[in-house]
Novice: 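One structure follows; several queries about it will come next.
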Amino acid sequence: MKSYIVGNWKLNFTVGEASIYLHKLQKKLPNYRDIEVVVAPSTMALQSLSLQVDRHKMKLAAQNAFYRDFGAFTGEVSFAQLRGVVDYCIIGHSERRHIFGEDDKMVQKKVAAAVRNKITPILCIGETESERAFGETADVIRDQLMGGLADVSDEDIDKVIIAYEPVWAISSTKAAKLATPDEVGEVVKLIQKTLKEIYGAKIEDKAPILFGGSVNPSNAGAYLTVPGISGLLVGGASLILSEFTDIIEIAKRVKS
Ligand code: PGA
């Protein structure tokens with residue numbers, strides 16, 4: 001299976017800065033066949049970056065999109081409009097869930113719309129600090145997975161990526177702590193078990209599972225060696241070119 005290194009730029013960089021970053025990244029990046037390098041810039045920059053991106057080396061992702069294709073939905077951008085512009089879209093990121101009130105129903109519709117429009121959804125799931133403290137992690141993970149994947153058929157599950165991001169480990173949260181590889185491994189097992197329940201044993205090696213939450217060059221190797229982890233979703237460290245390329249290098253080393 002391929003490894004995925006996905007940079008989530010969140011609300012950072014002007015269009016010009018994004019273009020300069022992409023230019024420098026592509027210059028440094030060899031053509032790694034077994035590592036899919038992806039960056040998710042702000043929607044504003046996607047159109048121009050899609051003309052600049054060398055798709056042999058890397059791909060673009062959107063950070064969010066709306067599930068209806070066209071219509072009276074002021075302020076939204078649809079998956080239909082993103083078709084041909086991006087290959088991936090992050091869906092259900094904890095910042096969307098907690099700041100913008102997206103629930104599992106909304107996430108479900110967005111995942112389905114992405115698949116329908118041939119854009120690979122990167123479905124983010126993860127428990128908050130208090131959910132973990134109350135022993136609710138397994139239920140939260142199960143509900144978010146079952147909810148998000150409710151409209152994804154057996155034929156389409158290999159077009160979906162899952163990203164486990166414990167909310168308490170994301171660097172933007174006040175008391176961000178590092179998740180230990182063991183903690184990540186436990187949840188990966190839960191995810192695999194739930195996927196098997198929904199899709200049966202043939203799910204093996206489909207729906208790659210990524211980890212995200214304060215990933216940086218010093219901990220990337222440890223997370224990438226957790227059994228069942230196929231890549232990383234990187235926030236803060238992806239904004240610093242040298243850190244992002246170091247993480248890609250580490251993935252290459254772990255892979256070979
Ligand atoms: P972080 O963000 O790497 O800055 O913790 C990860 C994410 O929110 O996707």
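We count ligands from 1, going down the list as the structure has it; atoms in each ligand are counted the same way.
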Novice: Find out if a path of hydrophobic residues (ILVMFWY) with successive side-chain heavy-atom gaps under 4.5 Å connects Val53 to Ile90.
Specialist: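 As far as the 4.5 Å side-chain criterion goes, Ile90 and Val53 are not connected within one cluster.
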Novice: Just heavy atoms, cut-off under 4.0 Å: does Ile170 contact ligand 1 by side chain, backbone, both, or neither?
Specialist: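 It is both parts that get close, each with some atom under 4.0 Å.
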Novice: Within a distance under 4.0 Å of any heavy atom of Gly213, pick out the atoms of ligand 1 and give their elements.
Specialist: 5 (O)
Novice: Under the side chain to side chain contact (heavy atoms under 4.5 Å, CB included) criterion, do Val167 and His98 qualify, and how do the steps go?
Specialist: CA-CA 10 Å; Val167 180; His98 299 292; 4.0 Å; yes
Novice: Under 3.5 Å between any N/O of Gly236 and any N/O of ligand 1: does that happen in this structure?
Specialist: yes
Novice: When you check the gap from the basic side-chain N to the acidic O, do Lys252 and Asp34 get nearer than 4.0 Å?
Specialist: yes
Novice: Classify the side-chain pair Glu165/His93 by whether it contains a donor and acceptor separated by less than 3.5 Å.
Specialist: yes
Novice: Under 3.5 Å, is there a donor on one side chain and an acceptor on the other for Asn216 and Ser218?
Specialist: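 Yes.
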Novice: Would you mind listing which atoms of ligand 1 come within a distance below 4.0 Å of any non-hydrogen atom of Asn8?
Specialist: 9 (O)
Novice: Give me the residue, atom name and distance of the protein heavy atom closest to atom 3 (O) of ligand 1.
Specialist: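 Of every protein heavy atom, Gly235 N, 2.8 Å lies nearest to atom 3 (O) of ligand 1.
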Novice: Taking only heavy atoms of Ser214 into account, list the atoms of ligand 1 that are under 4.0 Å away from them.
Specialist: 1 (P), 3 (O), 5 (O)
Novice: What is the nearest protein non-hydrogen atom to atom 1 (P) of ligand 1, stated with its residue, atom name and distance?
Specialist: Ser171 OG, 3.4 Å
Novice: Distance under 4.0 Å to a non-hydrogen atom of His93: what atoms of ligand 1 satisfy this?
Specialist: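 Listed by number with element: 7 (C), 8 (O), 9 (O).
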Novice: Quick one: is the NZ or CZ of Arg96 closer than 6.0 Å to the six-membered ring centre of Phe100, and within 45° of its axis?
Specialist: yes
Novice: Nearest protein heavy-atom contact for atom 9 (O) of ligand 1: which residue, which atom, what distance?
Specialist: Glu165 OE2, 2.8 Å
Novice: Short list, please: which atoms of ligand 1 are under 4.0 Å from a heavy atom of Leu233?
Specialist: 9 (O)
Novice: Please answer whether the main-chain N or O of Pro208 pairs with a side-chain N or O of Ser230 as donor and acceptor at a distance below 3.5 Å.
Specialist: no
Novice: Give the atom numbers and elements of ligand 1 that come within less than 4.0 Å of a heavy atom of Lys10.
Specialist: 2 (O), 7 (C), 8 (O)
Novice: For Glu95 and Ser172, test the side chains for any donor-to-acceptor distance below 3.5 angstrom and give the result as yes or no.
Specialist: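 Yes.
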